Amino acid sequence: MNWVVILKMVPDTVEELMVAEDGRSLDTQWLRMIVSEPDEHALEEAILLKERCGGTVTAITLEAPEVDEILYTALARGADRAVKISGEWTGLRSTATAQIFSTYIKDWLGQNLSETLVLTGSQAIDDLEGEMAPYLAHHLGTPYVGVVSGVRLEEGKVIIMKEFAGGLRGEFELSLPAVLGIQSAEKPPRYVPVAKVRSIMKSVKIDTVESSLPEIPASLSVEKMYKPEIAGRAEMLAGTPEEIAKRIVEILAERGLI
Amino acid sequence: MQGGILVLTEHLKGEITEITYEMLGIGRKMADFLKVPLYPVVLGRNVSHLTSHLGIADRIFLVENPALDMPSPNVVASILKNVVKEKQISLVTIGGTNLSMGIGPKLSAFTAFPFINFCKNITFADTSILFTSQLFGGKILTDTRLPNNRGIISILPGSFPANAGKVEGSASVERLEIPLGEPEVIFRKFIEPEAGDVDITRQGILVAVGRGIQNQENISLAEELAGILRGAVCASRPVVDQGWLPLTRQVGKSGMTVKPKLYLALGISGAPEHQEGMRNSQLIIAVNTDPKAPIFDIAHYGAAMDIFEVIPALIEEARKRKGAG
Amino acid sequence: MEPVRPTFWNVPHWAEILQYVLGAFALVIFAHGVYGHIKKWRLGRQEAISVFTLKRLQTFIPFALFPLRLSADPFAFVMHLTIFWGMVVLFLGTILATVDWDVTRLFLGFQFLRDGFYLFYELVLDIFGVFLILGLAMALYRRYIFRPKRLQAGIVSTFPLDSLYFLAILLFIALTGFALEGLRIAVQGSHWAVWSPGGFYLSGIFHSLSPPATKSLHFIFWASHALLAFIFIASIPFTKAFHIFSSALSVYLQNLSPKGALASGEAAGVERLSDFTWRQLLQLDACISCGRCQDVCPAYASGYPLSPRDVVLKLDYHLHHPSEENPIHNSVISAPELWACTTCCACEDTCPVFVEHSRMIVEMRRALVNRGTVEKRLQDTLTKWSRYGNSFGQSDRVRAKWTQGLDFKLKDARKEPVEYLWFVGDYASYDPRIQGITQMTARIFHRTGLDFGILYEAERNSGNDVRRIGEEGLFEMLREKNLHTLKNAKFQTIITTDPHTYNTLKNEYPLAQNGIRVVHSTEFLHRLIQEGKIPVQKRLNHRATYHDPCYLGRYNGIYEPPRRVLKALGVQLIEMPRNRHRSYCCGAGGGRIWMEETPGIQERPAENRIREAVSLPGVDTLVVACPKDIVMFRDALKTTGNEGKIAIKDISELVWEAMEPKEV
């Protein structure tokens with residue numbers, strides 16, 4: 001069984017994000033890149049599945065600064081193989097990344113694709129398209145379900161839990177190969193001690209493969225990128241308790257919260 | 001009349017969801033601006049009765065098929081693809097909800113229409129529409145225009161007023177017969193949330209109480225308010241420490257991290273540990289006697305007042321509003 | 001007739017011979033038992049320590065003669081002293097008697113236990129024999145009638161009622177000794193018998209017996225005395241009595257490196273007993289389950305699932321009842337037990353046999369971290385450290401943002417040489433509740449004309465608590481990064497307000513060998529005051545008490561400088577009952593401040609401490625010298641409903657108040 005995990009680097013929103021001079025993209029000078037959080041859950045879910053059902057976990061990323069550390073961490077966490085697809089990748093949208101990943105996966109697995117479950121984060125915060133998994137499923141010609149928070153194998157079928165709102169979930173069945181957009185793993189991603197990552201760095205190598213930019217029809221472009229107006233300190237409501245209550249209810253009504 | 005705006009009617013357990021009305025409301029505006037018709041499309045197993053709530057539409061497309069019970073994004077997208085082609089649709093709006101996630105990209109792959117996700121605002125300028133998306137966890141906004149106003153938009157829930165889309169009565173319904181392939185994802189069953197305690201991380205509205213609530217009896221006041229607002233009560237550490245509420249209700253560093261649509265902080269001063277767990281709420285309204293309480297630094301609206309004066313007034317006011325609406 | 005020790009009086013020759021045979025037999029069993037212990041210790045890891053050093057003797061001898069550590073409990077102190085000295089003197093007496101009889105008499109033809117020396121010998125032995133009996137009686141009373149909680153250990157690695165056996169057999173040996181002395185005197189009736197007051201007193205009782213009956217009785221007592229003594233000797237290694245050796249050895253071989261310097265060890269930590277060092281295994285054997293550690297443990301007192309005594313006893317039990325492969329975790333020691341420790345070190349500080357409880361706990365934690373079993377909140381914090389270098393999960397770039405509130409610019413120690421490098425620390429840099437105090441400290445330094453600078457965004461958490469959480473690899477990474485930054489800065493002394501930072505920089509960073517001194521701000525403020533560099537504009541009339549932070553006090557022995565600073569400011573200092581090395585932990589250390597609260601805790605350590613401070617009559621201020629204390633105590637002040645009764649202030653706040661009364 002192949003558990004394939006796609007990890008994507010996104011800007012860390014802990015850092016102050018600045019808009020570049022062109023007014024249409026982020027200023028990359030101050031960016032700190034981290035793994036998209038749902039992707040971390042996808043990796044954890046894959047490792048949990050491997051622990052339960054056997055098989056191998058392969059973590060794949062696109063080349064990016066400090067991405068090696070991410071791959072070593074994935075290995076220390078329990079992945080069996082780490083693949084870095086090298087190339088000049090900047091400002092790619094999900095459509096493009098899905099093509100790069102699907103090309104690699106098809107080349108690599110060929111006929112073995114039938115025994116493959118691809119897991120990646122349900123969404124990513126850095127992309128206007130925001131979802132890579134359905135595009136990937138499209139290119140691989142496999143079924144797809146997103147917002148998954150539980151996976152198990154049953155007689156060659158994949159049984160998944162999809163989250164709806166307010167705690168309601170649905171159980172779905174799909175056959176392999178498939179692509180899943182993971183919302184959260186059954187358990188929070190496990191801790192990887194630094195010493196383990198460091199020893200993996202010395203003992204395991206990352207597979208680096210080449211790829212080139214896919215041809216994508218010119219799509220839309222961002223016209224303007226900007227920061228939302230900072231709310232700053234609260235707008236203080238004054239008056240009698242009744243007046244304040246009235247104003248609060250109005251605010252809620254404006255936002256459709258009541 | 002070239003083109004048309006297609007709104008994917010989202011429904012769960014036989015009820016149309018709020019996001020649909022939000023989309024219909026703003027969809028109506030877009031349709032009027034572009035001078036094209038507004039078409040909600042309803043697809044599902046037994047869904048014809050839903051059309052009676054879509055009075056705002058110019059015409060309703062109905063796709064009914066026993067196989068369409070909780071269909072996969074792929075199935076929905078392939079039906080939409082047919083509708084787009086057949087009815088010369090230019091804009092499709094889809095709910096940015098868990099339920100509809102994945103349909104947009106799939107449809108985009110089928111139709112080569114560009115896809116815009118996380119849309120939280122739509123403005124009209126000259127001859128085209130400006131779509132504002134919220135990226136990077138709300139830290140950055142982007143404005144995008146669609147070439148020829150053609151594309152697929154995923155709308156963030158809570159971005160537009162739902163009331164604008166709620167028009168009872170039915171427009172003319174056109175049944176579409178679209179052949180379905182073999183479904184590759186089979187819906188098995190719903191799993192209801194556990195009957196145990198409320199999961200506050202999944203609540204859209206939270207009424208949060210802090211030390212200012214003073215004693216256990218007063219929590220029922222907050223619960224009453226939460227009941228009216230259809231939310232749940234949560235708390236800061238001191239309240240949980242006192243054993244007035246279970247640990248599952250604690251917000252903050254030692255408790256849960258919540259991101260509700262509304263966080264109504266009552267008698268919470270807003271220590272950093274608490275802020276950590278609720279800072280990303282979409283709307284924070286705080287009431288606290290101390291005007292210098294740090295909660296006001298991150299709240300959107302605040303009132304420096306005794307919560308025991310404000311809560312009863314709020315309960316009354318909210319009741320009135322609900323009665324009227 | 002002259003007084004001479006009547007050895008083997010009334011003992012038939014065959015009995016005398018049998019005694020030597022039995023004695024030899026007892027010694028063989030004893031040796032075999034001791035070997036068994038040594039074999040157990042040798043399961044542990046190698047640890048290179050110098051065994052024969054002057055320093056060890058200098059520490060050991062005073063401690064062995066008069067273990068002041070025990071004086072906190074006067075009853076137990078007297079009890080132990082009387083038993084200990086009784087046993088020592090009687091043992092020496094027995095040795096002397098053996099030499100007198102079997103060496104000098106046999107080979108040199110004379111006995112030195114005669115005349116005046118013999119009478120003195122008899123008197124001393126009798127007195128210490130009485131001491132021994134009194135001590136044993138005290139012990140029996142305390143253990144079985146008074147029954148303090150700390151002695152109620154449910155875990156015994158030898159056999160149940162071991163303590164009773166130990167006390168009873170000693171008591172019988174002592175009593176039979178006196179009885180046979182009395183019986184002998186009753187028959188011999190020598191005029192010097194008054195020099196054996198115990199025996200002389202008892203002889204009165206036996207006067208009514210006929211001489212042959214007395215002699216028969218004497219022989220029976222002699223035989224049972226000898227038999228009991230041999231049984232005792234043979235049983236030492238298999239009973240609690242072994243602590244006579246293991247405890248002494250543990251005291252002698254105690255860890256002489258600073259308490260605040262953890263051994264590097266393996267990042268993988270202690271998974272099984274054999275991952276401890278041989279000395280730590282010896283410490284397990286040395287534990288006498290006195291429970292003093294449990295008495296002072298803040299985790300135990302608050303109702304967390306930890307008793308340092310039981311951790312040691314359980315490990316010792318496991319050492320002697322090994323199961324397959326000796327795994328420790330879950331089966332012997334649970335994870336919640338290990339996470340409950342605040343590493344306050346009160347247990348190690350009070351332990352009479354120098355067991356390293358908290359250090360062992362940290363080493364066991366390393367195994368938990370290595371397995372990835374770290375609770376969610378703590379895991380998030382560890383990730384924050386590795387990603388941003390601080391526990392707040394804020395960007396490293398805003399670490400020095402607090403300096404924006406100052407009307408002067410702080411030097412960047414990376415760019416220009418400074419005399420003092422201020423290592424600010426996470427809480428002082430990032431916590432909005434502490435930043436004001438940090439700014440005040442900066443103003444004090446600035447006003448006194450100090451040449452100082454900070455590392456701005458290059459500073460990383462020093463790793464003190466990271467290490468005590470058990471994330472050794474992350475600690476090493478943080479230390480490497482800090483050392484790299486420090487290497488490129490020019491300065492002479494590091495100064496910090498955070499005791500945790502202070503501890504690791506001082507004891508765990510290789511700085512001293514490069515001539516770099518690390519000082520805590522309280523030491524430094526004290527010096528400034530001594531040099532008259534802090535102009536006290538206004539004498540403060542606070543009535544205050546001072547809380548010794550664990551990592552400043554117990555770990556590094558800094559008790560007086562902060563107190564002298566306070567007195568110099570005019571503060572009237574009232575001590576809490578638990579002060580200096582008995583200070584009570586606030587509960588933040590060892591990573592506890594980032595762990596989820598255990599449900600059902602009766603009273604958090606900080607709350608307990610607040611109550612102690614509030615109960616002091618007329619005290620208006622609780623002075624602290626640790627940023628985490630401010631956070632913990634201000635919170636506890638709220639949760640205990642004591643707001644307004646007492647102010648929690650950092651020592652810098654008071655210094656600034658005295659320097660610039662107008663600005664406060």
Side-chain angles (χ1 to χ4, degrees), chain A residues 11 13 17 19 26 94 122-123 125-126 128-131 133-135 138 143-147 159 161-175 181 217 219-220 222-228 231 233-237 241-242 244-246 248-249 251-253 255-258, chain B residues 12 70 72-74 98-99 101-102 105-106 109 112 114-118 133 135-137 139-147 158 161-162 184-193 199 202 205 229 261-262 283 285-286 296-297 299-305 309-310 313-314 317-318 321-322:
Chain A
T13 53
L17 299 179
V19 176
L26 280 189
S94 296
S122 224
Q123 283 188 310
I125 53 161
D126 69 325
L128 202 53
E129 287 165 351
E131 295 166 58
Y135 287 112
H138 184 78
Y144 152 83
V145 182
V147 212
I159 313 297
M161 292 281 206
K162 180 187 165 92
E163 290 185 5
F164 301 117
L168 179 71
R169 290 177 300 166
E171 192 178 280
F172 292 84
E173 174 191 314
L174 53 164
S175 50
S219 68
L220 68 168
V222 169
E223 194 168 298
K224 189 178 154 204
M225 185 177 267
Y226 53 101
K227 290 189 181 190
R233 235 182 105 77
E235 182 188 328
M236 296 304 275
L237 313 173
E242 290 70 32
I244 288 172
K246 201 164 185 169
I248 290 176
V249 171
I251 294 165
L252 299 189
R255 296 173 183 239
L257 292 170
I258 193 165
Chain B
L12 184 64
M70 301 296 289
S72 73
N74 192 35
N98 288 357
L99 196 57
M101 193 176 287
K106 266 283 177 185
F115 174 57
I116 295 177
N117 208 338
F118 313 118
S133 285
L135 296 187
F136 305 105
K139 290 211 163 176
I140 292 286
L141 300 178
T142 58
D143 287 350
T144 314
R145 243 183 266 266
L146 289 170
E184 77 304 0
V185 179
I186 299 151
F187 173 67
R188 283 182 157 193
K189 62 180 179 207
F190 282 116
I191 296 159
E192 301 292 332
D199 182 352
R202 292 171 192 275
I205 291 178
L229 296 177
K261 293 195 185 90
L262 167 66
L283 172 65
I285 302 179
F296 294 126
D297 294 338
H300 302 95
Y301 296 95
M305 185 163 282
E309 291 188 280
V310 177
L314 256 178
E317 197 61 37
R321 169 71 62 151
K322 293 213 85 145

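Here is how names work: the chains are called A, B, and so on, in the same order as the sequence lines, proteins then strands, and each is numbered from 1. Because the structure is a prediction, the values reported are computed rather than measured.
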Side chain, backbone, both or neither of [X] within contact of chain A (heavy atoms, under 4.5 Å):
X: B/Leu146; answer: side chain
X: B/Ile285; answer: side chain
X: B/Met101; answer: both
X: B/Ala162; answer: neither
X: B/Ile116; answer: both

Just so I know, are the side chains of [X] and [Y] near enough to count as touching, which here means a heavy-atom distance under 4.5 Å?
X: B/Met305; Y: A/Ile244; value: yes
X: A/Lys227; Y: B/Leu141; value: no
X: B/Arg202; Y: A/Glu163; value: yes
X: A/Ile251; Y: B/Tyr301; value: yes

So which atom in [X] and which in [Y] form the shortest heavy-atom distance, rounded to 0.1 Å?
X: A/Pro241; Y: B/Ala313; value: O-CB, 3.7 Å
X: A/Met236; Y: B/Ala304; value: CE-N, 3.9 Å
X: B/Val185; Y: A/Phe172; value: CG1-CD2, 3.7 Å
X: B/Phe136; Y: A/Met225; value: CE1-CE, 4.4 Å
X: B/Asn117; Y: A/Gly130; value: ND2-CA, 3.9 Å
X: A/Gly170; Y: B/Phe187; value: CA-CE1, 4.3 Å

Set out, in order, the CA-CA distance, both residues' side-chain angles and the distance that settles side chain to side chain contact (heavy atoms under 4.5 Å, CB included) for A/Leu174 and B/Glu184, then state yes or no.
CA-CA 6 Å; A/Leu174 53 164; B/Glu184 77 304 0; over 6 Å; no

Max heavy-atom pair count under 4.5 Å with chain A, selected residue of B/Ala286, B/Ser133, B/Pro73
B/Pro73

What's the verdict on side chain to side chain contact (heavy atoms under 4.5 Å, CB included) for B/Glu317 and A/Ile248, showing C-alpha distance, side-chain angles and the deciding distance?
CA-CA 9 Å; B/Glu317 197 61 37; A/Ile248 290 176; over 6 Å; no

Given A/Val249, A/Leu257, A/Leu252, the one that forms side chain to side chain contact (heavy atoms under 4.5 Å, CB included) with B/Leu229:
A/Leu252

Just verifying a value: how many Å separate [X] [atom1] and [Y] [atom2], rounded to the nearest 0.5 Å?
X: B/Leu99; Y: A/Phe164; atom1: CG; atom2: CZ; answer: 5.5 Å
X: A/His138; Y: B/Lys106; atom1: NE2; atom2: NZ; answer: 6.0 Å
X: B/Ile191; Y: A/Met161; atom1: CD1; atom2: CE; answer: 3.5 Å
X: A/Thr13; Y: B/Leu135; atom1: OG1; atom2: CG; answer: 12.0 Å
X: A/Leu26; Y: B/Thr142; atom1: CG; atom2: OG1; answer: 10.0 Å

With a 4.5 angstrom heavy-atom cut-off, is it the side chain or the backbone of A/Ser122 that approaches chain B, or both, or neither?
both

Can a donor-acceptor pair be found, under 3.5 Å and without considering hydrogens, that links the side chain of A/Glu131 to the backbone of B/Gly102?
yes

Kindly determine whether B/Thr144 and A/Glu223 satisfy side chain to side chain contact (heavy atoms under 4.5 Å, CB included), including the steps that lead there.
CA-CA 5 Å; B/Thr144 314; A/Glu223 194 168 298; 5.9 Å; no

List the steps, then state whether side chain to side chain contact (heavy atoms under 4.5 Å, CB included) holds for B/Phe118 with A/Gln123.
CA-CA 10 Å; B/Phe118 313 118; A/Gln123 283 188 310; 3.4 Å; yes

Could you check which of A/Pro11, A/Ala133, A/Gly146, A/Ser175 has the highest count of heavy-atom pairs closer than 4.5 Å to chain B?
A/Pro11

